[in-house]
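Read through the structure below, which is laid out as structure tokens, and then see the notes.
Proteins come first, then strands; the chains are lettered A, B, ... in the order of their sequence lines, and each starts at number 1.
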Amino acid sequence: MNASSRPDDPKHAANSPGGEDPNPKSETAHRHFIRQAIDADLASGRFDSVRTRFPPEPNGYLHIGHAKSICLNFGLAQEFGGTCNLRFDDTNPTKEDTEYVDSIQEDVRWLGFEWNNLHFASDYFEQLYQWAEKLVLDGHAYVCDLTAEQTREYRGTLTEPGRESPGRSNSAEKNLDLLRRMKAGEFPDGAMTLRAKIDMASPNINMRDPVMYRIAHVPHHRTGDKWCIYPMYDWAHGQSDSLEKITFSICTLEFEHHRPLYDWYCDKLEIHHPRQIEFARLNITYTVMSKRKLLQLVQEKHVSGWDDPRMPTIVGLRRRGYTPESIRAFCADIGVAKFNSTIDVVRLENAVREHLNEVAPRRMAVLDPVKLTITNWDEHDSPVEMMSAVNNPGDESAGSRDIPFSGSLWIEREDFQEVAPSKFFRLKKGGAVRLRAGYIVDCHDVVKDDDGNITEILCTYDPQTKSGEDTSGRKVKGTIHWVSCEHATKVTVRNYDRLFAVENPDSVADGKSFLDHLNPDSLSTTTAYVEPELCNATVGDRVQFERLGYYVVDPDSNQGEMVFNRIVGLRDTWAKIANKGDKKGGNAKGKPKGGKKS
RNA sequence: UGCCCCGUGGUGUAAUUGGCAACACAGCUGGUUUUGGUCCAGCCAUUCUAGGUUCGAGUCCUAGCGGGGUAGCCA
């Protein structure tokens with residue numbers, strides 16, 4: 001067993017101080033229906049161990065829905081002391097590409113899993129073909145020369161049985177000859193198919209003589225032009241599972257009525273017979289999950305690429321700043337069932353908040369600055385004083401760092417109101433506030449420009465109130481963040497929000513498209529001032545901007561300019577209070593911070 | 001329209017397989033706090049409906065209603 005994401009794995013300990021899984025209880029959690037099925041099959045002796053596989057088609061990037069499947073398949077293998085393979089279901093060369101083969105492997109590893117064996121369905125093409133000849137010889141398959149359109153007509157409908165193809169009565173000898181000539185390339189694309197001979201009247205349409213091979217004179221990304229016939233999913237998937245001695249072939253609900261066919265092939269071939277079990281695929285609010293739609297978003301440039309931080313792809317979540325631990329915790333949290341549900345995106349956001357709250361160092365950054373001047377700072381013995389600030393109040397071992405404090409600071413514009421409601425306990429004229437890791441300041445005046453906009457806030461500081469050495473006994477309701485103007489660094493901040501403005505972008509009125517639901521405010525870019533310590537941050541580092549949210553250093557950063565992506569905002573209770581005040585027609589003018597939706 | 005699967009709070013998953021409906025998230029109340037963060041406490045359900053079996057039904061049976069899937073030479 002090589003798959004590893006257990007708490008004692010050093011690979012994860014590195015990302016998670018203390019080496020603990022963020023959601024350890026879930027590992028041994030409730031026995032969902034798949035665990036129960038495994039328990040039963042192990043107990044009855046049907047199988048003696050657990051061997052699973054994750055079988056993506058290399059025709060797109062992995063997304064959070066795949067992560068659910070990955071966590072399930074690799075997780076079950078770990079849990080039961082079994083193995084999990086990575087297998088590419090590469091049976092349709094017209095849609096597949098090695099670009100995806102590479103990215104998928106990278107994503108699985110990034111999530112924290114390592115496969116037992118790496119396989120390709122295309123490695124089994126020869127064996128599959130031998131088996132096909134066997135089925136022909138046994139009278140279980142035949143060559144059909146109906147066109148694609150005719151095949152559809154002959155198949156019947158939901159309510160009417162199908163009709164038998166003329167080729168169905170061919171002799172085994174003739175079928176074998178035809179099959180060999182198909183393979184040899186004697187016929188053009190679409191001229192013939194190999195079909196399983198089952199039952200054209202079956203209520204399950206998958207059993208109405210399904211196609212096993214189609215002709216396609218197309219080079220394959222791994223087998224080149226060796227083959228001009230390619231196996232269909234049903235003909236390749238179960239047999240690949242069987243060859244790998246898979247015991248539990250776990251897939252999504254839409255394959256449920258393929259299961260009789262899966263079983264039929266294994267039975268007729270008399271080969272190792274895995275058990276297929278289906279579960280509900282993942283849906284999440286405010287996003288889309290279909291490969292087709294994700295591809296469209298990329299191709300039509302609604303996003304910057306597959307790794308746009310707003311995409312639900314693994315590469316997108318990675319660039320957004322999500323941790324693999326948080327994605328695994330999310331997948332464990334949402335459970336596994338057959339009910340077709342939609343998970344509230346806040347669950348995903350909570351998962352990353354929960355993890356980052358533990359591990360992300362606190363830093364100060366001002367995104368929408370207004371100047372605060374301390375008018376009695378000249379009474380201080382030096383123009384700059386180094387203040388000590390803890391890196392994580394919840395984790396003493398995270399230590400502390402020094403921040404320069406001076407008489408000229410940037411504070412957040414929304415942290416000041418000239419006239420404020422009583423519930424607003426940030427800074428107001430005539431009021432006092434604590435500067436985080438600094439002093440308490442009292443505001444006595446403001447300076448405005450000709451348009452009445454506040455350009456400068458004038459305060460005095462109280463020398464008795466230095467953080468950690470406060471001898472004043474003063475208590476103030478609010479604490480706000482700041483940076484020293486002279487010492488601050490300018491950076492670019494990309495505040496990301498949900499890609500779609502509605503809960504279910506897939507549900508669209510006539511003539512509309514899911515694109516009509518794109519959130520126009522899903523990205524707002526701003527220039528911010530950050531504390532000097534942040535100059536040491538490197539690409540991929542995650543921090544909490546105090547009172548704002550979690551941010552990650554984007555790969556677009558370079559020597560001259562750093563770029564931070566907002567991973568997720570902090571929970572914002574003030575926004576709720578302010579909104580309530582608004583609804584009551586009250587005077588709470590403070591706006592919720594940072595465009596966060598709730 | 002045939003066939004298959006699924007219905008438990010606002011959301012998602014549980015219920016020792018017939019025995020006090022639990023956990024998490026959201027929401028609401030309060031407490032702690034030098035982040036309106038974190039943390040802590042409390043509140044929040046006629047198990048889709050109607051019958052039936054049983055001492056006892058979320059669980060079993062019947063019927064209905066609702067949701068999803070399915071008629072590619074895609075996976």
In RNA chain B, consecutive runs of at least three Watson-Crick or G-U pairs below 3.5 Å, as range with range, amount to B:2-7 with B:65-70, B:10-13 with B:22-25, B:27-31 with B:39-43, B:48-52 with B:60-64
Quick note, salt bridge (charged side-chain N to carboxylate O under 4.0 Å, His left out) partners involving residues 464-481 of chain A, not counting sequence neighbours, are Glu385(A)-Lys466(A), Arg434(A)-Asp470(A), Asp442(A)-Arg474(A), Asp462(A)-Arg474(A), Lys466(A)-Glu469(A)
Examine A26(B): is either OP1 or OP2 under 4.0 Å from a nitrogen or oxygen in the side chain of Arg571(A)? Give yes or no.
yes
RNA chain B nearest-nucleotide lookup for Gly468(A) and Thr342(A): closer to the 5′ end is Thr342(A)
note: Lys428(A), atom NZ; G36(B), atom C1'; distance rounded to Å ~ 13 Å
Residues at least two apart in sequence or cross-chain that pass side-chain hydrogen bond (donor to acceptor under 3.5 Å, both in side chains) with Gln544(A), listed by chain then number, are Tyr550(A)
Taking only N/O atoms, report every protein-nucleotides 67-73 of chain B pair under 3.5 Å with atom names and distance.
unit_1 : atom_1 : unit_2    : atom_2 : d
G68(B) : O2'    : Asn340(A) : ND2    : 3.0
U70(B) : O4'    : His257(A) : NE2    : 2.8
A71(B) : O2'    : Arg155(A) : NE     : 3.3
G72(B) : OP2    : Arg155(A) : NH2    : 2.7
C73(B) : OP1    : Arg155(A) : NH2    : 3.4
C73(B) : OP2    : Arg155(A) : NH1    : 3.0
C73(B) : N3     : Gly190(A) : O      : 3.4
C73(B) : N4     : Leu146(A) : O      : 2.6
C73(B) : N4     : Ala148(A) : N      : 3.1
C73(B) : N4     : Gly190(A) : O      : 3.2

### Message
Give me the distance, rounded to whole Å, that separates C61(B) from C43(B) when you measure between the P atoms they each carry.
### Response
37 Å
Contacts under 3.5 Å, N or O only, protein and nucleotides 47-49 of chain B:
none

Across all chains, not counting sequence neighbours, the side chain to side chain contact (heavy atoms under 4.5 Å, CB included) partners of Thr193(A) are Cys144(A), Arg195(A), Val211(A)
Picking from U34(B), A26(B), G37(B), the nucleotide nearest the side-chain atoms of Val346(A) would be A26(B)
Assert: residue with more 5' nearest nucleotide on RNA chain B, out of Arg362(A) and Phe33(A), is Phe33(A)
Please determine if Lys183(A) forms a cation-pi arrangement with Tyr129(A), meaning its NZ or CZ atom is less than 6.0 Å from the six-membered ring centre and no more than 45° off the ring axis. yes
Is the shortest side-chain N/O distance from Ser202(A) to OP1 or OP2 of C3(B) below 4.0 Å?
no
Distance between P atoms of C23(B) and C60(B) (Å, rounded)
24 Å
Regarding the side chain of Lys576(A), the nearest nucleotide among A24(B), U34(B), C28(B) is C28(B)
Report task. Look at the side chain of Arg547(A) against the base of U35(B) and say whether a donor-acceptor pair falls under 3.5 Å; ignore hydrogens and angles. Result -> no
- Query: Hey, does Ala437(A) reach any base, or is it just sugar-phosphate, or nothing, if we go heavy atoms under 4.0 Å?
  - Reply: base
Requested in this report: Please state the P separation for the pair A63(B) and C3(B) - nearest whole angstrom.
Outcome: 12 Å
Quick note, Pro393(A) side chain, CB onward, closest among G2(B), G36(B), G37(B) is G37(B)
Separation of C6(B) atom P from Phe279(A) atom CZ, nearest Å, is 16 Å
With sequence neighbours left out, the residues meeting side-chain hydrogen bond (donor to acceptor under 3.5 Å, both in side chains) with Tyr61(A) are Glu99(A)
Q.
Please determine whether the number of non-hydrogen atoms from other residues, nucleotides or ligands lying under 6.0 Å from atom CZ of Arg413(A) exceeds 12.
A. yes
Leu62(A) atom CG is separated from A75(B) atom P, nearest whole Å, by 18 Å
Against the side chain of Glu546(A), the closest entry in G12(B), U35(B), A75(B) is U35(B)
When rounded to whole Å, the CG to P distance for the pair Asp89(A) and A75(B) reads 8 Å
Looking only at atom C1', what distance separates G12(B) and G7(B), rounded to whole Å? 14 Å
By side-chain hydrogen bond (donor to acceptor under 3.5 Å, both in side chains), Lys293(A) pairs with (sequence neighbours left out) Asp506(A)
Next item on the list: Please measure how far the P atom in A41(B) lies from the corresponding atom in U8(B), and state the result in whole Å.
Entry: 29 Å
Ring centroids of Phe339(A) and G7(B) base under 5.5 Å with planes under 30°
no
Exercise for the section: Tell me whether the centres of the aromatic rings in Tyr286(A) and Phe500(A) are closer together than 6.0 Å. Expected result: no
Glu412(A) atom CD is separated from G37(B) atom P, nearest whole Å, by 17 Å
note: Lys338(A), atom NZ; G12(B), atom P; distance rounded to Å ~ 18 Å
Integer angstrom distance from the P of U54(B) to that of U47(B):
22 Å
Here the salt bridge (charged side-chain N to carboxylate O under 4.0 Å, His left out) pairs for residues 149-165 of chain A, sequence neighbours left out, are Glu164(A)-Arg168(A)
Check every strand shown and say whether Thr91(A) touches a base, only sugar-phosphate, or nothing at a heavy-atom separation below 4.0 Å. sugar-phosphate
Taking only the P atom of each, what is the distance from U29(B) to G66(B) in whole angstrom?
38 Å
When rounded to whole Å, the CG to C1' distance for the pair Asp344(A) and G10(B) reads 10 Å
Sequence neighbours excluded, the answer for ring-ring contact (aromatic ring centres under 6.0 Å, His included) partners of His258(A) is Phe255(A)
Sequence neighbours excluded, the answer for side-chain hydrogen bond (donor to acceptor under 3.5 Å, both in side chains) partners of Asp189(A) is none
Residue set satisfying ring-ring contact (aromatic ring centres under 6.0 Å, His included) with Tyr262(A), at least two apart, ordered chain then number -> none
Relative to its sugar, using the 90° cut-off around 0, the base of G72(B) is syn
Closest to the side chain of Glu57(A), out of C74(B), U34(B), C25(B), is C74(B)
To the nearest angstrom, the CD1-C1' distance between Ile577(A) and G30(B) comes to 13 Å
So what does Gln544(A) hit on the nucleic acid, given a heavy-atom distance under 4.0 Å: a base, only sugar-phosphate, or nothing? base
Exactly one candidate in Ile64(A), Leu348(A), Leu356(A), Val552(A) meets side-chain contact (heavy atoms from CB on, under 4.5 Å) with Tyr322(A); the answer is Leu348(A)
Tell me if the aromatic rings of Tyr551(A) and Phe564(A) count as close, with their centers under 6.0 Å from one another. no
Whole-angstrom distance between U38(B) and U32(B), as gauged at atom C1': 11 Å
Checking C28(B), U35(B), U34(B) against the side chain of Ser467(A) (C-beta onward), the nearest is U34(B)
